[in-house]
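To start, the structure under review is shown below, and the notes come after it.
If you're wondering where the values come from, they're calculated on a predicted model, not measured in any experiment. By convention here, the first residue in the shown sequence is residue 1.
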Amino acid sequence: MRRRSTALLLVALAVLPAACGDDEGATSPTSTPASTTTAPDTVPAPAVVLRYVEMGGCQMMGPNCPTYLIYGNGAVEVYRTGEDGPAVLTGQLADGEIDAFLAAATSVDFAELAATVGPGTCNACVDGVDVTVTMELPDGEVQLDSTVVNFDPANDFFADLQTLIADAAAATGEMPLVQR
């Protein structure tokens with residue numbers, strides 16, 4: 001009897017490595033093949049192509065300075081500058097307006113523009129409003145700050161920028177004032 005138990009133990013030990021061995025290369029009739037389907041193409045969300053931020057005197061009573069985000073599809077969102085939270089206002093520019101503005105901006109030599117319009121001034125220092133504009137152009141991001149560069153409305157680029165922002169404001173409506 002003892003020999004029989006020893007023999008069964010040896011057989012069990014001999015089978016054990018086979019049961020616990022590496023399954024690499026082994027196939028199982030119940031295994032499913034890897035999926036060959038691909039996920040459907042997703043349309044990326046439109047990107048912000050222009051950010052127009054006002055700051056300074058419009059913050060005196062509360063967070064009443066607007067930040068305009070304009071997307072590549074012409075959608076406009078208005079936020080309170082410096083505040084986290086959802087957009088206060090939304091709207092839509094006319095078809096092609098942001099594309100036309102950005103196309104014109106790609107031909108601007110911004111170093112020459114800065115030299116032409118001269119230095120900016122700190123309007124917020126005397127309760128005025130300063131502006132920072134960030135544009136996503138094919139050659140990269142361009143940022144203009146009214147404290148560094150004069151946003152001269154007599155210059156075609158700045159006149160076009162003011163028209164674009166006025167149209168964005170008209171598309172979204174007036175941001176309600178808050179006092180804090």
Side-chain heavy-atom pair Val76, Leu69 within 4.5 angstrom cut-off
no
Thr67 side chain reached by Arg80 side chain, heavy atoms, under 4.5 Å
no
State, yes or no, whether a side-chain contact exists between Met135 and Glu141 at a heavy-atom distance under 4.5 Å.
no
Under 3.5 Å donor-acceptor, Asp130 side chain and Asn123 backbone:
yes
Taking all non-hydrogen atoms of both residues, which atom of Thr147 and which atom of Cys122 are closest, and how far apart?
CG2-CA, 4.1 Å
Asn155 side chain near Asn150 side chain, heavy-atom distance below 4.5 Å:
no
Closer than 3.5 angstrom, by distance alone: can the side chain of Glu97 be matched with the main-chain N or O of Ala168 as a donor-acceptor pair?
no
Nearest heavy-atom contact between Ala124 and Gly56 is CB-CA, 3.7 Å
Could you go through Val117 and Val149, starting from their C-alpha distance and side-chain angles, then the distance that decides it, and tell me whether this counts as side chain to side chain contact (heavy atoms under 4.5 Å, CB included)?
CA-CA 7 Å; Val117 297; Val149 175; 3.5 Å; yes
What about Val53 and Phe110, same hydrophobic cluster or not, with Ile/Leu/Val/Met/Phe/Trp/Tyr joined at side-chain heavy-atom distances under 4.5 Å?
no
Output yes when a side-chain donor or acceptor of Thr81 lies under 3.5 Å from a complementary backbone atom of Pro66, and no otherwise.
yes
Would Ile165 and Asp167 count as a side chain to side chain contact (heavy atoms under 4.5 Å, CB included) if you check the C-alpha gap in whole Å, the side-chain angles of each, and the deciding distance to 0.1 Å?
CA-CA 5 Å; Ile165 296 306; Asp167 290 349; over 6 Å; no
For the pair Thr134 (side chain) and Gln143 (backbone), establish whether a donor and an acceptor sit closer than 3.5 Å, ignoring hydrogens and angles.
no
Joint hydrophobic cluster, Leu164 plus Leu113, side-chain heavy atoms closer than 4.5 Å
yes
Transitively linked via ILVMFWY side-chain contacts under 4.5 Å: Met175 with Val178?
no
Joint cluster assignment, Val148 & Val142, ILVMFWY side-chain distance < 4.5 Å
yes
Would Tyr68 and Glu77 count as a side-chain hydrogen bond (donor to acceptor under 3.5 Å, both in side chains) here? Give the steps.
CA-CA 6 Å; Tyr68 290 88; Glu77 294 177 345; over 6 Å; no
Looking at every non-hydrogen atom in both residues, tell me the closest pair between Val48 and Tyr71 and how far apart they are.
CG2-CE2, 3.4 Å
What one should report as the nearest heavy-atom pair of Gly173 and Leu89 is O-CD1, 3.3 Å
Around atom CG of Asp109, are there more than 12 heavy atoms of other residues, nucleotides or ligands at under 6.0 Å?
yes
To the nearest 0.5 Å, what is the distance between CD (Gln92) and CD1 (Ile70)?
10.5 Å
Any side-chain heavy atom of Val78 sitting closer than 4.5 Å to one from Thr90?
no
Is a donor from one side chain sitting under 3.5 angstrom from an acceptor on the other, for Tyr52 and Gln162?
yes
For the pair Val131 and Leu144, evaluate side chain to side chain contact (heavy atoms under 4.5 Å, CB included) and give the outcome as yes or no after the intermediate values.
CA-CA 8 Å; Val131 175; Leu144 300 171; over 6 Å; no
Are the side chain of Asp145 and the backbone N or O of Val133 linked by a donor-acceptor pair below 3.5 Å?
no
Measuring only between side-chain heavy atoms, which start at C-beta, is Ser146 closer than 4.5 Å to Phe151?
yes
Does the gap between the ring centers of Phe101 and Phe157 come in under 6.0 Å?
yes
Supply the atom-to-atom distance Leu93 CG to Ile98 CD1, rounded to the nearest 0.5 angstrom.
6.5 Å
To the closest 0.5 Å, what do you measure between OG1 (Thr116) and CG (Asp152)?
10.0 Å
